[in-house]
Amino acid sequence: VWFGSAQGLYKYFPKLDSVEVVKTSNEVLNTSFINCIYTDSTNNVWLGTKNAGVFVINPSGKVTNYSVNNGLANNYVKTIIEGKKGEIIVGTIDGLNLIKKENVTLIDLPKIQGISLTFTSSTSYKNQLIFGALNNQLYLLNKNTYEPLWMTQNNGFIYQRVWAAF
């Protein structure tokens, strides 16, 4: 079991009933505030941070970092989920990004003019990826095409902030 903290990453070992600090080759990750953790279908561990973007630790321990320098919308990452196998969607405080074969692109979404898309949570249901955001935003993306469906007051969605989705 992985745990993120304001000072890096920890792992719980149930058989030993102990928690250990996870030290990697990346000193920035070792001291980062970790907001979210996601394990993908190939056992990569994705770590969203408060100010250093997203890190991925592959099963052999190699660490890769994606940040605004690679095209991430913002380094403050709030949610991570897998779309198609091997494709990761990262929700930041300024939008959604798709990481596909080490390339980072912004996912174009409809939005209210002048309102930023601060994503807070994600989950999947059947063939949909569901993303909650502040400022009256709820999005469903088709898992195969990433075509968005924007839930608004017209769809009966009237609350202004989504803090969690499950």
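Both backbone and side-chain heavy atoms feed into the values below; hydrogens, waters and symmetry mates do not.
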Practice task
Taking side chain to side chain donor-acceptor pair (under 3.5 Å) as the test, write out the residues that go with Asp94, two or more places apart.
Solution key: Asn74
Problem - For Tyr146, all residues meeting side chain to side chain donor-acceptor pair (under 3.5 Å), sequence neighbours excluded - result: Glu87
Handout entry: Test item: side-chain donor near acceptor, Asn97 and Thr92, under 3.5 Å
Key = no
Practice task
Could you tell me whether a side-chain N or O of Thr120 sits under 3.5 Å from a main-chain N or O of Gly132, the two making a donor and an acceptor?
Solution key: yes
Completion exercise
Heavy atoms of Ser122 and Thr79 approach each other most closely as OG-OG1, 2.6 Å
Exercise for the section: For Asn43, enumerate each residue passing the side chain to side chain contact (heavy atoms under 4.5 Å, CB included) test, keeping only those at least two apart in sequence or located in another chain. Expected result: Thr39, Pro59
Handout entry: Glu82 (side chain) donor-acceptor with Gly86 (main chain) under 3.5 angstrom
Key = yes
Handout entry: Validation row: Leu138, Ile130 side chains within 4.5 angstrom (heavy atoms)
Key = yes
Handout entry: Pairs meeting criterion side-chain hydrogen bond (donor to acceptor under 3.5 Å, both in side chains) with involvement of residues 49-59, two or more places apart
Key = Asn58-Ser60
Problem - Flag for Asn26-Thr24: side-chain donor and acceptor within less than 3.5 Å - result: no
Handout entry: Hphob cluster co-occupancy, Tyr125 + Leu140, side-chain heavy atoms under 4.5 angstrom
Key = yes
Exercise for the section: For side chain to side chain contact (heavy atoms under 4.5 Å, CB included), just list the numbers for Val22 and Trp2, CA-CA rounded to whole Å, side-chain angles, deciding distance to a tenth of an Å, and then say yes or no. Expected result: CA-CA 9 Å; Val22 176; Trp2 299 87; 4.0 Å; yes
Handout entry: Under 3.5 Å: donor-acceptor pair, side chain of Asn44, backbone of Val56
Key = no
Practice task
Could you pull out all residues at least two apart from Lys23 that satisfy salt bridge (charged side-chain N to carboxylate O under 4.0 Å, His left out)?
Solution key: none
Practice task
Output all residues satisfying side chain to side chain donor-acceptor pair (under 3.5 Å) with Asn142, sequence neighbours left out; order by chain, then residue number.
Solution key: Thr145
Completion exercise
CG of Asn65 to OG of Ser32, rounded to nearest 0.5 Å, is 8.0 Å
Fill in the blank from the handout: Value for CD1 (Ile89) from NZ (Lys100), rounded to nearest 0.5 Å, stands at 11.0 Å
